[in-house]
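So the structure is just underneath, and the comments pick up after that.
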Amino acid sequence: MAINVMQDTVISPKLSKSFRRNFIERIIEFGLLISAAFAVFITTAIVYVLVSEAIPFFEYVSVYEFLTDTVWTPNYSIKRYGILALISGTLTTTFIALLVAVPLGTITAIYLSEFASHKVRETIKPILELLVGVPTVVFGYFALMLVTPFLQTIYPDLTTFNMLGPGIVMGIMIVPYIASVSEDAMRAVPMSMREGAYAMGATRFQTAIRVIAPAATSGIVASYILAISRAVGETMIVAIAAGQQPTFTFNPVDSAATITAYIVSVALGDLEHGGIGYQSIFAAGLTLLVMTLVLNILGHWVRKKYTERY
Amino acid sequence: MAENNAKQLKDLDQIRALIQKHKKNDFIFAFIGMFIIASLTITLLILFLDLFFDGYPRLGLEFFSNYPSRKAIQAGILSAWIGSSLVLIVTFLVAVPMGIAAGVYLEEYAKKNWLSDLIEINVSNLAGVPSIIYGLLALGLFVYSFGLGQSILTAGLTLALLMLPVVIVATRESIRAIPVHIREAAFAVGATKWQVVLNHVIPYSYGGILTGVIIGMARAIGETAPVITIGALTFIAFLPPSPIGTEAPFLNFDWLQSGFTVLPIQMFNWISRPQYEFHVNAAATGAVIIVLTALMNGFAIKLRYDVRKKIKW
């Protein structure tokens with residue numbers, strides 16, 4: 001009887017099986033898949049473009065010479081392409097930036113996560129987010145027009161273009177990245193660990209340093225690696241304030257070019273498509289991509305391997 | 001017995017003294033933390049104020065309606081802000097639908113297999129690639145291989161690539177927050193998967209997606225390096241053809257192929273000049289960019305806060 005009722009009930013045609021509807025569903029799913037797969041396409045395209053433009057360059061300059069020579073003079077009559085001259089600038093500015101950003105960022109993160117009241121945290125976090133959004137060209141202006149002149153009052157021999165000013169500004173720029181990623185990692189440590197430490201008579205500071213920070217190591221280290229990756233790829237600050245003269249030096253008061261600053265300086269001039277100058281920026285870009293890729297993979301690995309599970 | 005108690009009390013006193021001693025460290029650290037945050041904020045505030053005061057004398061209406069000029073005092077950012085707006089239109093039209101579609105696919109459709117793993121790895125990896133690399137990609141691919149030239153279209157597509165991961169991540173996060181029973185209810189009354197997505201999932205995650213879109217757009221406004229790399233000109237004293245025509249069909253797309261400059265490049269160009277007067281222009285442009293991006297980011301942060309507060313499943 002019940003079965004009969006079911007069979008007699010008229011099913012709305014909107015709900016019946018329909019070839020057209022299924023077909024549209026499939027098309028839409030396929031379209032969405034294509035959009036998502038576009039990410040794979042971009043990665044492939046990046047690698048393809050950089051490698052294919054760099055190959056003719058490496059026929060002209062051997063890979064060994066490229067990686068070991070310390071002179072980069074693409075505009076002189078004797079052209080030499082030693083990427084170390086650019087890497088030294090990149091590493092020096094990155095190092096200065098980290099010297100500023102790691103202590104400041106870590107302390108800010110610990111303070112926000114373990115010490116600050118709810119209200120203070122809710123006020124400061126949006127400010128940090130706003131700082132992340134400040135365009136780097138503006139930070140470049142700060143480095144050249146404000147920070148370097150200020151440093152010159154302390155150290156009068158400092159030249160207008162140097163690596164110290166942009167390095168420090170880059171450090172300030174990176175603080176919010178380290179602070180917010182590390183803070184997230186520390187806040188993810190379960191409350192029971194804090195309560196356990198407090199119950200043993202530990203103070204806030206002891207809990208933060210000996211319990212929370214070790215438990216959140218993976219996240220904190222990952223934030224440092226993210227910061228290094230940002231600093232290595234940072235362009236405008238160094239292009240504006242560090243000078244664009246490639247020099248093999250690790251001295252922060254010297255002017256030097258980073259990999260990114262070199263690419264910008266070449267792109268600003270007239271580019272002859274297919275010329276050695278044009279190809280050299282792709283070789284430089286490939287070096288930069290490899291450096292950041294290694295860092296990103298390392299960061300991913302640290303996070304995966306050392307994540308504590310509770 | 002009494003001896004034992006006395007000893008315990010003594011121990012307890014010692015422990016209390018120890019804790020008191022360490023509590024001092026608490027105080028010192030809290031002070032250092034506050035000091036660092038305060039000094040960072042004050043330093044940045046001084047830098048921003050200095051920029052505003054440097055640029056203030058130039059910030060008039062004429063600054064927005066004049067072309068760049070060899071005379072600093074007459075120079076303005078007309079071509080730059082129009083260029084930035086047109087580039088952003090292209091970026092928006094490409095990155096937003098594509099980012100949302102990719103996010104929806106990864107959250108709602110993707111089965112756990114090698115393909116979705118591959119896509120996930122690529123999306124998170126792309127977020128970590130330096131922006132100048134996107135510039136090189138665009139130079140090799142869009143400018144030369146596709147023959148799009150150093151145009152607004154090329155710049156818009158380049159910035160769209162940069163913005164894509166931001167939109168994807170924001171879409172996924174806000175979709176993930178929607179409880180399963182909403183979908184189950186829709187399926188139960190006979191909705192197809194796409195109907196569930198279009199009528200329920202996307203509308204409910206609208207606030208979060210919008211936040212990501214605004215943050216991505218603010219970032220695109222300030223991006224300089226990739227746009228310089230594709231060879232954007234730094235001195236533009238003309239406007240691209242107007243996108244809106246006076247005759248039918250009222251729309252034309254010639255502007256897509258036009259040469260252009262954008263706000264941060266204009267600023268960079270003025271910083272690079274030795275004369276002080278141009279630095280004033282640079283500061284004024286910087287002030288415009290900061291106000292623009294801060295307004296957008298501030299709105300996005302507020303929006304996210306409101307959405308979190310309002311929606312309770």
Side-chain angles (χ1 to χ4, degrees), chain A residues 15 21 25 28-29 31-33 35-40 42-43 45-46 49-50 53 104 107-108 110-111 115 124 126-127 129-131 133-138 140-142 144-146 175 201 203-206 229 233 235-236 240 260 263-264 267-268 271 273 281-282 285 288-289 292 296, chain B residues 15 19 22-23 25-26 29-30 32-33 36-37 40-41 44 47 50-51 98 101-102 104-106 109 118-119 122-123 125-126 128-130 132-133 136-137 140-141 144 161 190 192-194 215 218-219 222 224-225 228-229 231 264 267-268 271 279 282-283 286 289-290 293-294 297-298 301:
Chain A
L15 290 175
R21 192 173 61 203
E25 285 285 317
I28 286 169
E29 182 172 350
L32 295 175
L33 170 66
S35 292
F38 194 67
V40 184
I42 299 173
T43 313
I46 288 176
V49 167
L50 291 183
E53 298 281 359
L104 296 188
I107 293 174
T108 308
I110 294 177
Y111 177 77
F115 286 81
I124 292 175
I127 296 177
E129 280 184 77
L130 272 180
L131 287 180
V134 175
T136 56
V137 68
V138 172
Y141 176 91
F142 291 158
L144 182 66
M145 304 292 173
L146 306 170
V175 168
T203 63
R204 267 173 192 262
F205 183 64
Q206 286 172 318
S229 173
T235 311
M236 293 322 291
I240 288 170
T260 51
I263 297 174
V264 164
L268 280 172
L271 269 183
H273 178 222
I281 61 173
F282 286 92
L288 182 66
L289 181 69
T292 51
N296 289 345
Chain B
I15 290 171
I19 291 177
H22 283 289
K23 284 233 161 154
N25 288 345
D26 264 23
F29 185 85
I32 293 175
I36 285 180
I37 291 173
L40 261 180
T41 322
L44 283 160
L47 292 176
D50 200 276
L51 180 96
M98 221 153 172
V104 165
Y105 179 81
L106 288 173
Y109 286 84
L118 184 71
I119 294 171
N122 272 286
V123 171
N125 185 44
L126 283 178
V129 172
I132 195 162
I133 299 282
L136 288 173
L137 165 71
L141 198 67
Y144 291 113
L161 297 186
T192 64
K193 188 135 197 171
W194 177 239
I215 288 176
R219 192 179 295 179
T224 324
I228 290 181
T229 311
M267 180 180 176
F268 174 62
I271 297 175
H279 294 168
I289 299 175
I290 287 184
T293 51
N297 281 320
I301 293 166

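Every chain is numbered from 1, with letters handed out A, B, ... down the list of sequences.
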Segment of [X] engaging chain A (4.5 angstrom heavy-atom cut-off):
X	answer
Ile133(B)	side chain
Leu136(B)	both
Ile271(B)	both
Ile290(B)	side chain
Ala30(B)	both
Ile119(B)	both
Asp26(B)	both
Ile19(B)	both
Leu44(B)	side chain

May I ask you to name which of [options] has the most heavy-atom pairs under 4.5 Å with chain A?
options	result
Ile32(B), Asn25(B), Asn122(B)	Asn122(B)
Val104(B), Ile228(B), Asn297(B)	Ile228(B)
Ile289(B), Asp50(B), Leu106(B)	Asp50(B)

Within-4.5 Å side-chain heavy-atom neighbours: Val129(B) and Thr292(A):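 No, side chains not in contact.
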
For Gly222(B), is there any backbone N or O sitting under 3.5 Å from a side-chain donor or acceptor partner on Thr224(B)?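 Yes, the answer is positive, given that a donor and an acceptor are paired below the 3.5 Å cut-off.
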
[X] side, atom [atom1]; [Y] side, atom [atom2] - distance, nearest 0.5 Å:
X	Y	atom1	atom2	result
Ile132(B)	Met236(A)	CD1	CE	8.5 Å
Leu51(B)	Phe142(A)	CG	CZ	5.0 Å
Ile240(A)	Thr235(A)	CD1	OG1	10.5 Å
Ile37(B)	Ile124(A)	CD1	CD1	4.0 Å

Identify the two heavy atoms, one from [X] and one from [Y], that lie closest to each other, and give their separation to 0.1 Å.
X	Y	value
Tyr105(B)	Ala36(A)	CD2-CB, 3.8 Å
Ile107(A)	Gly33(B)	CG2-CA, 4.0 Å
Phe282(A)	Gly140(B)	CZ-N, 4.1 Å

Below 4.5 Å from any heavy atom of chain B, which atoms of [X] appear? Answer side chain, backbone, both or neither.
X	answer
Glu29(A)	both
Leu104(A)	both
Leu146(A)	side chain
Leu130(A)	both
Val137(A)	both

Taking ring pair (Phe, Tyr, Trp, His ring centres under 6.0 Å) as the test, write out the residues that go with Phe29(B), two or more places apart.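 Partners of Phe29(B) by the ring pair (Phe, Tyr, Trp, His ring centres under 6.0 Å) criterion, ordered by chain and then number, come out as Phe115(A), Phe205(A).
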
Counterpart residues, side chain to side chain donor-acceptor pair (under 3.5 Å), relative to Thr41(B) (two or more places apart):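 Side chain to side chain donor-acceptor pair (under 3.5 Å) list for Thr41(B), sorted by chain: empty.
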
For chain B, which candidate among Leu33(A), Thr260(A), Leu144(A) shows the most heavy-atom pairs at distances under 4.5 Å?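 That would be Leu33(A).
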
